[in-house]
Amino acid sequence: MTSSGVRVRFAPSPTGYLHIGGARTALFNWLFARRMGGEFVLRIEDTDGERSRPELIDVIFQALEWLGLDWDGTPVHQSERGHLYSAAVDTLLAQGDAYWCACSSEDVKARAEARGGTPGYDSHCRHLGLGPGEGHVVRFAVPDDGVTAFDDLIRGHVSFDNANLEDFVVQRSNGSPMFHLANAVDDADQGITHVIRGEDLINVTPKVLLLRAALGAPGELIFAHLPLIVNEKRQKLSKRRDDVSVGDYIERGYLPEAMVNYLATLGWGPSDGVEIRPLAEIVAMFDIADVGKSGAFFDVKKLQHFNGEYIRALSLPQFVSRSTRWLFDDAPWDPERFDIATFEVLAPLVQERVKLLAEVPDFVDFVFAAEPVIDEESWQKVMVKTPDLAAAVLDHALAGFAECDWTAAGLDAALFSYAETHGVAKGKVQAPVRVAVTGRTVGPPLFESLEVLGRDETIRRLAAARSRV
RNA sequence: GCCCCCAUCGUCCAGCGGCCUAGGACGCCUGCCUUUCACGCAGGUAACACGGGUUCGAAUCCCGUUGGGGGUGCCA
């Protein structure tokens, strides 16, 4: 227990990879804990043996580590705490707060339809005095009247009429606990003080509260339901239809600092309006009560802008080392031809142009690939549309580059003498050379690129292109 | 259907009864810089959902309407 007494938890279920929504929930829990000087613990909610995939647990931990969200203590696995949950179920049963139910899902559904389509369980077995048996579940006996309410740190007073709550299952027919039960037991057992989670869970809160009361959980649990992160259609992010795996963002070359910083602006904003800033400052300014109530769109464009800012803020060595992954794995060239020293020369020019690290290879592939990959659209635009100019410039470059100083300045003078004598814009003059040598109309500054490529290879490519014009 | 939640520029935030002819950021558009692209710089575009109250005064408080979302599982 810390001086503040605050202890929060992030409780992922290993049924999939960590996604953007989970990452944001983890981040806000972490921010709250760090701000309050409390603890941030992890709990793996793997009570559903059917869906849980243990191999994903490490993947989730790795994603959290990547984000820099360090947790306190050792993560708890619900699958290893079965005895606590069955003891709780026994207590509930003994107190008459829960009862055995023999209805199958089909029975419940059929009766609901007969009733007029209102979904939900009808307390059918509540007073039957059934005991354990094949296919029997344990249900919590929700009070018929009264209200269950709580004061949410973000939403204020939220209240539910017990009459609208059905007798929910707390233990499956296979003996495993349902998540509400495990949740209530563990939050009490682990001394959790605040529950910060997505708004999609707001309606299970009364169930947990009822369970806590019945189990005599000590103290009061304080809730804060975060607004959902939504897609362009304003729907909750879904693993199936949306691009939300944190792992995919890692692959594309997003920096964790940028991701965390961006995520912090979803549902919250610093009062001074400065969005891009160190995490430590965000921790210092963060107040859970300032979190907004409405859903926030996950805007990849803005995330990319943040990422570009963070990439440009890197020192050169950092930029180089962070880029290496994309320079070796799946790089569009023969690994043998890659040379880190050569890359380091070009790196400063690349750093200020990319928004994603995964874009880095595209800016240097012309040096490491044996042949430039000609972009057809670029070729059409400068070689086919204005063939006379292209041919003249290429001839001029071929002649000039054979003799000039092989420096950016020397190349500049050799090529642009054409622009001066013929009164053609420099932009028009450099285009054919750029396409001939790099394959594209865009890229790092041309003369620095040629300087690195070397005289022989540059001339070879120029000649090859000239013969095709 | 029922329950719960939400509502400021296209998007994310600021605004917590007068400082708002509503501010910042992303995007988009224009210009400057410039060998392409990018960066940078200077501008511009664009919002308080609607209707009632309360108040001297409302984007800010209350009610309703409309719209949107979430939930409604022996998933979490």
Side-chain angles (χ1 to χ4, degrees), chain A residues 11-16 45-48 50-52 101 103-105 108-109 116-121 135-139 152 154-156 158-161 163-166 168-174 176 178-180 182-183 197-206 225 227-228 230 232-236 262 265-276 290 292-306 308-309 312 349-355 363 378 382 411-412 415-416 419 425-431 433-435 438 440-447:
Chain A
S13 179
T15 52
E45 305 220 325
D46 50 358
T47 55
D48 185 348
E50 304 267 313
R51 292 159 196 268
S52 284
C101 167
C103 303
S104 66
S105 317
V108 173
K109 210 169 155 191
T118 310
Y121 181 64
H136 292 195
V137 300
V138 176
R139 286 181 184 273
D152 192 287
I154 295 172
R155 271 150 232 286
V158 182
S159 157
F160 295 78
D161 281 338
N164 290 321
L165 266 27
E166 61 176 335
F168 55 93
V169 173
V170 294
Q171 184 179 80
R172 299 187 182 87
S173 57
N174 68 5
S176 65
M178 286 292 287
F179 107 105
H180 321 91
N183 221 266
R197 44 150 50 154
E199 197 203 342
D200 51 342
L201 291 169
I202 198 165
N203 44 236
V204 320
T205 305
H225 287 92
L228 259 23
V230 302
E232 59 289 338
K233 290 158 80 177
R234 306 237 113 230
Q235 297 166 320
K236 164 177 140 177
Y262 174 67
T265 68
L266 257 28
W268 178 83
S271 49
D272 63 4
V274 180
E275 297 183 308
I276 297 181
D290 289 338
K293 301 177 175 127
S294 41
F297 172 59
F298 184 69
D299 187 350
V300 179
K301 282 242 183 75
K302 189 160 180 177
L303 204 211
Q304 282 193 9
H305 174 260
F306 274 41
E309 293 277 335
R312 273 174 261 125
L349 306 175
V350 177
Q351 182 175 6
E352 62 186 63
R353 289 176 169 72
V354 296
K355 282 198 164 72
F363 281 83
S378 297
V382 323
L411 288 157
D412 180 310
L415 182 64
F416 287 149
K426 289 177 172 180
K428 293 278 185 197
V429 174
Q430 60 93 40
V433 176
R434 182 184 292 281
V435 173
T438 72
R440 305 188 191 89
T441 51
V442 302
L446 184 59
F447 305 119

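What you see below is based on every heavy atom in this structure, not just the backbone, and it leaves out hydrogens, waters and symmetry mates.
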B:rC5, B:rA25, B:rA76: which one has an atom nearest the side-chain heavy atoms of A:Val158?
B:rC5

Has the side chain of A:Lys355 got a donor or acceptor that lies under 3.5 Å from a partner of the other kind on the base of B:rA38?
no

With the side chain of A:Pro445 defined as its heavy atoms from C-beta on, choose the nearest nucleotide among B:rG24, B:rA76, B:rU35.
B:rU35

Position toward the 5' end of RNA chain B (nearest nucleotide), A:Cys101 or A:Leu303:
A:Leu303

Return yes if a side-chain donor-acceptor contact under 3.5 Å exists between A:Thr205 and A:Arg197, otherwise no.
yes

To the nearest angstrom, how far is A:Trp268 atom CH2 from B:rG24 atom P?
19 Å

Taking OP1 and OP2 of B:rA38, is either one under 4.0 Å from a side-chain nitrogen or oxygen of A:Arg440?
no

Is it the case that the side chains of A:Thr438 and A:Arg434 hold a donor-acceptor pair, with the cut-off being a distance below 3.5 Å and no angle test?
no

salt_bridge(A:Glu50, A:Arg172) N-O dist < 4.0 Å:
no

Of the candidate nucleotides B:rU36, B:rA76, B:rU72, which contains the atom at the shortest distance from the side chain of A:Val442?
B:rU36

Pairing check on B:rA7: which nucleotide meets the Watson-Crick or G-U wobble criteria with it, both distances under 3.5 Å?
B:rU66

Whole-Å distance separating the CG atom of A:Leu201 from the C1' atom of B:rU72:
14 Å

Which base, if any, makes a Watson-Crick or G-U wobble pair with B:rU36, both distances under 3.5 Å?
none

In Watson-Crick or G-U wobble terms, both distances under 3.5 Å, what is the partner of B:rG18?
B:rC56

Quick check: any donor-acceptor pair below 3.5 Å linking the side-chain of A:Gln235 to the base of B:rG70?
no

Among B:rA76, B:rU11, B:rC12, which nucleotide sits nearest the side chain of A:Met178?
B:rA76

Determine: side-chain N/O of A:Arg234 to OP1/OP2 of B:rC12, distance under 4.0 Å, yes or no.
yes

Among B:rU35, B:rC39, B:rU8, the one nearest A:Arg312 by side-chain distance
B:rC39

Give the nucleotide from the list B:rG69, B:rC12, B:rC37 with an atom nearest to the side chain of A:Phe297.
B:rC12

Looking at B:rG73, which nucleotide sits across from it as a Watson-Crick or G-U wobble partner, both distances under 3.5 angstrom, or is there none?
none

Measure from the side chain of A:Arg353, starting at C-beta and using heavy atoms only, and say which of B:rA7, B:rA76, B:rC37 lies closest.
B:rC37

Taking the six-membered ring for Trp, are the ring centroids of A:Phe168 and A:Tyr121 within less than 6.0 Å of each other?
no

Considering only side-chain heavy atoms of A:Ser13, which listed nucleotide, B:rG73, B:rU36, B:rA76, is closest?
B:rA76

Does A:Lys302 make a side-chain donor-acceptor contact with the base of B:rC12, cut-off 3.5 Å?
yes

B:rC28 pairs with which nucleotide, Watson-Crick or G-U wobble, both distances below 3.5 Å?
B:rG44

For A:Tyr262 and A:Lys428, take the nucleotide of RNA chain B holding the closest heavy atom to each; which residue's nucleotide lies nearer the 5' end?
A:Tyr262

Would you classify A:Thr15 as touching base, sugar-phosphate or nothing, given that sugar-phosphate means primed atoms plus P, OP1 and OP2, and contacts are heavy atoms under 4.0 Å?
nothing

Please evaluate the base of B:rC74 for a donor-acceptor partner in the side chain of A:Ser173 within a cut-off of under 3.5 Å?
yes

Considering only side-chain heavy atoms of A:Arg434, which listed nucleotide, B:rA38, B:rU35, B:rC3, is closest?
B:rU35

Base paired to B:rG23 (Watson-Crick or G-U; both N/O distances under 3.5 angstrom):
B:rC13

Looking only at B:rG69, B:rU72, B:rC74, the nucleotide nearest the A:Glu199 side chain is B:rG69

